[in-house]
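Have a look at the structure below, then the notes.
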Amino acid sequence: MPHDPPAQPDGPSVMWFRTDLRLADNPALAVAAERPLVALYVLDDGANGARPLGGAARWWLARSLRALAAALAAQGVPLILRRGAAAEAVPAVLRETGAGLLAFNPGETPIDRAAEGAVTAAVAKSLPHVAVSHGVRRSALIHDPASVGGRVFTPFWKHIRAAFVPPPPLPAPDRLAGAAAVRSDALNDWELEPTAPDWAGGLDESWAPGEAGAAKRLADFLDGGLTGYATLRDRPDLDHVSRLSPHLRFGEITPAQLWHAARAAMASGRATSLDVEKFLTELGWREFSYNLLNQRPLLAEANIQPRFDAFPWRQDEASLAAWQRGLTGYPIVDAGMRQLWQTGWMHNRVRMVVASFLVKHLLQDWRAGEAWFWDTLVDADPASNPASWQWVAGCGADAAPYFRIFNPVLQGEKFDPHGDYVRRWVPELTDLPNAVLHRPWTAPPGVLSAAGVTLGESYPAPLVDHAHARARALAAFQTIKAKAA
DNA sequence: TACTGCTTGAT
DNA sequence: TCAAGCAGT
């Protein structure tokens, strides 16, 4: 039996990194950095009951960990990687390093808090000399889900805007000092990155995971995309969204940093208050989603409105597969699904259109779509992804009414008016004229052949007729509507 | 952050 | 003939 080294209350600190893969505005790191530092990341990979990361998120995590390791290594601090239950891995590293302080930022999901509770209990039991710090304040959210509730977005956000102003972001620690290193897993052995090279290739071209990549993305957004954000953010053919969601998801940047950067851009006249307020509202939906997750830990599994438990979803693997591959015959839907597959991301407007299409036109259970997004989106988080699916499906809190059924033709014509977005992701339709680009089945045969399009061969005929699907969805809704009263 | 079908009134 | 407004889904 090996015995523990003597307790060292003044020993080094262990910073347990979680979904906070950054050095700046990191309250726990600010405390941990006052001592020689051991940086630790634990891949629980389901060990704590958490949902295993999807494929795209695993790719992102690998890249983000590499970026964090490089930033730490530049200051002489190795990043220690361990795999397994945090309640075993964290105390083990504390013991091996003779640490006197454990620091970590509190998580914002019930499962994360359960994991940290288990860690804290294990430390208190077997390493009572180790102090535990959660840093000086919360940083993953603007608001405190324990102190605010609500099921309706507008009053929720109004309250948050009035009651919570994020404090100025903390700078990265001036300097870090490494403690003696201990064993680490090799990142490559975790096999986080997809073996299909074409997938990783598309992700590589689209993203720069890590804190530096997040800062550059924010700077680029403030330099261009934020201007006109209030209206142009709905245009998938333009570049007026922030694309910061995956950086936020892994804690490479904080909402407080975004908040203050956006307000500063307004103060310096680079952005209007309308644009900034719209941008902050998008952060608000993220806050709202985390609030819901804390109210409803089974957000990804259970309808918030129980009457939807009786909804007559269709089982149709072929339709689901056509949707996943971007072969529905509706150009705006197919463009979005292909953008998702090729880049791990989809424009928000198009997310609503494709989600509505799956749930209402194809009558597929929203959980099937949520699972696909979870696997393929680099930004899928345990709150926003299920909350947004429930919103679209109509079964969520403050949800869009079920009878709000997007018309994929009108949505395409309204938000991709020149067809640039469709032509980029559905190149087989490139030569169709704008007048029929979003509804190729209405094009005269001569127009189709001139564009080299053969419906059913070079591009699918519509999987379902819109008017028929709309009527069918409303009829399905009628079967559960009576139960609401 | 909806669509559809219908009416009304301008042309 | 159609834009605009409205109600119902």
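In what follows, chains are A, B, ... by sequence order, proteins preceding strands, each numbered from 1. Source: prediction; values computed, not measured.
Not a single donor-acceptor pair under 3.5 Å links the side chain of A:His134 to the backbone N or O of A:Asn105.
Proximity of residues 231-240 of chain A to DNA chain B (heavy atom under 4.0 angstrom from any strand atom) is not detected for any residue.
Each salt bridge (charged side-chain N to carboxylate O under 4.0 Å, His left out) pair with one or both residues in residues 399-424 of chain A, not counting sequence neighbours, appears once here: A:Glu413-A:Arg439. Residue pairs meeting the side-chain hydrogen bond (donor to acceptor under 3.5 Å, both in side chains) criterion with at least one member in residues 207-217 of chain A, sequence neighbours excluded: A:Lys216-A:Asp220.
Using a 4.5 Å heavy-atom threshold, the side chains of A:Glu252 and A:Leu248 count as separate.
Heavy-atom contacts of chain A under 4.0 Å fall on DNA chain B between two terminal nucleotides, which in 5' to 3' order are B:dT1 to B:dT4.
Between A:Arg51 and A:Asp381, none of the side-chain N atoms (NZ, or NE/NH1/NH2) sits under 4.0 Å from a carboxylate O, so this pair counts as no salt bridge.
Using cut-offs of 30° and 60° on the angle between ring planes, the pair A:Phe288 and A:Phe156 is tilted. Relative orientation of the A:Phe164 and A:His159 rings is perpendicular, given thresholds of 30° and 60° on the angle between their planes.
In this structure, A:Phe357 has its ring center under 6.0 Å from that of A:Tyr330.
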Anything under 3.5 Å between a protein N or O and an N or O of nucleotides 6-9 of chain C, put it in a table, one pair a line.
none

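By the side-chain contact (heavy atoms from CB on, under 4.5 Å) test, A:Glu428 is found to be paired with A:Arg338, A:Val426, A:Tyr459, residues two or more places apart in sequence or in another chain being considered.
Within 6.0 Å of the CZ atom in A:Arg66, the count of heavy atoms belonging to other residues, nucleotides or ligands exceeds 12.
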